Engineer: 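Pasting in a structure now, in structure tokens, and then I'll have a few things to ask.
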There are 2 protein chains.
Amino acid sequence: MTARTSTETARDIPEATVARLPVYLRALTTLLDEGTTTCSSEDLAGAAGVNSAKLRKDLSYLGSYGTRGVGYDVEYLHFQIAREIGVTHDWPVVIVGIGNLGHALANFSGFRSRGFRVVALLDADPSRHEEQVAGIDVRPFADLGEIVREHGVAIGVIATPAAAAQDVTDAMVASGITSILNFAPAVLAVPPGVDVRKVDLSIELQILAYHEQRKAQGDPADPSEPAEAPEEATA
Amino acid sequence: MTARTSTETARDIPEATVARLPVYLRALTTLLDEGTTTCSSEDLAGAAGVNSAKLRKDLSYLGSYGTRGVGYDVEYLHFQIAREIGVTHDWPVVIVGIGNLGHALANFSGFRSRGFRVVALLDADPSRHEEQVAGIDVRPFADLGEIVREHGVAIGVIATPAAAAQDVTDAMVASGITSILNFAPAVLAVPPGVDVRKVDLSIELQILAYHEQRKAQGDPADPSEPAEAPEEATA
DNA sequence: AGGAGTTTGTGAACGTGAGAACAAAACCGA
DNA sequence: TCGGTTTTGTTCTCACGTTCACAAACTCCT
């Protein structure tokens, strides 16, 4: 372990590790619910569907939270990862675009339990402003700035059609949002310092289709397709 | 370019490239709609939000479809990528779990236009079997095998709660499905030869939260956060 | 107290991906 | 026909991520 200047956490965790920490967190939550108090890296790796060596290396970036010969304390490790990710308190989030997807997102119960709180639903269509979705009023898109200021929102979710996505992005950035989760099938331009993550159903399906095609056309009995990720069971 | 044994496409395209091909395909569709007939790697890279060198290298895995000094024929390249991915014809798809998310997926218009066709909506809850969603009947989960056989379905989408995901997976695999897109927050166990891709809203948000926390706590004026992916505009 | 058995944390080897740079190949104008 | 210009396809190098393998450190049993 490299020298730590203060009592704070270590810096520069690899991006690939950051992407797995939420998976570990969820696996730990499951273990907690089952009443498990201690687990080995092998146990947790199995529950998270990864290699145990990779899991240990990932956790080592956070610090030495395990005990050799014993394993990890489930509750303690859960807290440490939650703290590292920053979900020990809830993050306020706004959702823009209350179509089919926006409805589903607004109703998504996992928000609250996983460190997020929807503070506003926004839509440009005035005919929707009467609605209430998941107990939250749908408000005019023009209110974005006010809402962001009022609640200190840093994270925005875009669930609009592609054509509107860039305009929504620009307005979000202007109002002070610095992290965007984009469900619209469009490439967004953002200034430095703003993070964008993209979730795209069509792309995921097309990646599957590519592999599916390979399986079919390669050979009826295909030799070279050992399952992209042979995972272990959890739920 | 390495020797090609037959007239078929080259083998073993890197996974990272496969994941970007759908992005290029979409960018090309946009260019087609705009009436553009030819584009340079720089143009297309801009529209897709990637480095032009990376784009050229990606395309080189498919073959030499460009012309030096000129660029790429938009329509021709679009077809070649579509063929490589395997979306020149529609893939039949089943969706299991018609909750909020299932509804949104069933209504998603991008399916049809991007090489997929929803042939069935399945739900275990009998009270939903009267419903029609997006013009498609909701059918009992028990009909899965029959539907898969009848339509030759290879791709399944899981939009159930986490607790049901593994059972649904097992039934899908048993019925002959070999590619699964999983929206449930659970790690799925599948036999070799079956591909699983996972889409997880909570994980994406938590990754954003991590970076957001770093921006905030690091320093008010943060030196080391040059925007994860400074993308170019398209839509 | 001491040795056997476990399990973590990490150093080192390996594989994959990204980006710079350039040669090869096309077009264009004289 | 020939040189200049443009743009692709490819090679090379570097950085990142994964996996192996093992020393360090802890528990348990005698």
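This one's a predicted model, so the numbers in the text were calculated from it and none came from an experiment. Quick note on labels: first sequence line is chain A, next is B, and so on, each numbered from 1.
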Engineer: Between A:L55 (CG) and C:dG9 (P), how many Å, whole number?
Structural biologist: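 Distance, rounded to whole Å: 10 Å.
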Engineer: What is the distance, rounded to the nearest whole Å, between atom CG of A:D73 and atom C1' of C:dT8?
Structural biologist: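 In whole Å, C:dT8 C1' lies 15 Å from A:D73 CG.
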Engineer: Just N and O in the side chain of B:S41: are any of them under 4.0 Å from OP1 or OP2 of D:dT8?
Structural biologist: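 Checking D:dT8 against B:S41, a side-chain N or O does come within under 4.0 Å of OP1 or OP2.
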Engineer: In whole Å, I'd like the distance from the CD1 atom of B:I13 to the C1' atom of C:dG17.
Structural biologist: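 In whole Å, C:dG17 C1' and B:I13 CD1 are 15 Å from each other.
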Engineer: Within this structure, what is the OH-to-P distance between B:Y65 and C:dA25, rounded to whole angstrom?
Structural biologist: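 Interatomic distance, OH of B:Y65 to P of C:dA25: 19 Å.
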Engineer: Any chance the side chains of A:D43 and A:S40 put a donor and an acceptor closer than 3.5 Å?
Structural biologist: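 Judged by distance alone, the side chains do pair up.
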Engineer: With rounding to the nearest 0.5 Å, note down the distance linking CD1 in B:I13 to CZ in A:R214.
Structural biologist: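 It comes to 6.5 Å.
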Engineer: Please report the interatomic distance CD(A:Q80) to CD(A:E75), rounded to the nearest 0.5 Å.
Structural biologist: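 If we round to the nearest 0.5 Å, A:Q80:CD and A:E75:CD are 11.5 Å apart.
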Engineer: Determine: side-chain N/O of B:Y72 to OP1/OP2 of C:dA26, distance under 4.0 Å, yes or no.
Structural biologist: no
Engineer: Can you measure A:D43 atom CG to C:dT7 atom P for me and round it to whole angstrom units?
Structural biologist: 8 Å
Engineer: Write down the distance between CG (B:L44) and C1' (D:dG9), rounded to a whole number of angstrom.
Structural biologist: 15 Å
Engineer: Let me know the distance between CZ of A:R20 and P of D:dC16, rounded to the nearest Å.
Structural biologist: 15 Å
Engineer: Mind checking the CG-OG1 spacing from A:L55 to A:T17? Nearest 0.5 Å is all I need.
Structural biologist: 10.0 Å
Engineer: So do the side chains of A:T178 and B:E212 get within less than 4.5 Å of each other, counting heavy atoms only?
Structural biologist: yes
Engineer: Judged by each residue's nearest nucleotide on DNA chain D, which is more toward the 5′ side, B:L59 or A:A16?
Structural biologist: B:L59
Engineer: Donor-acceptor pair under 3.5 Å: do we get one between B:R68's side chain and the base of D:dT8?
Structural biologist: yes
Engineer: Take the protein atom CD of B:E42 and the nucleotide atom C1' of C:dG19, then report the distance between them rounded to whole Å.
Structural biologist: 13 Å
Engineer: Which residue is it: A:L28, A:D73, A:L31? I am looking for the one with a side chain to side chain contact (heavy atoms under 4.5 Å, CB included) to A:H78.
Structural biologist: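 Only one option passes, and that is A:L28.
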Engineer: Would you please classify the geometry between the A:W91 ring and the A:H89 ring as parallel, tilted or perpendicular, with 30° and 60° separating the classes?
Structural biologist: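 Ring orientation of A:H89 relative to A:W91: tilted.
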Engineer: Can you pull every protein N or O that's under 3.5 Å from an N or O on nucleotides 19-21 of chain D?
Structural biologist:
residue: D:dT19; atom: OP2; partner: A:K54; partner atom: NZ; Å: 3.4
residue: D:dT19; atom: O4; partner: A:K57; partner atom: NZ; Å: 3.2

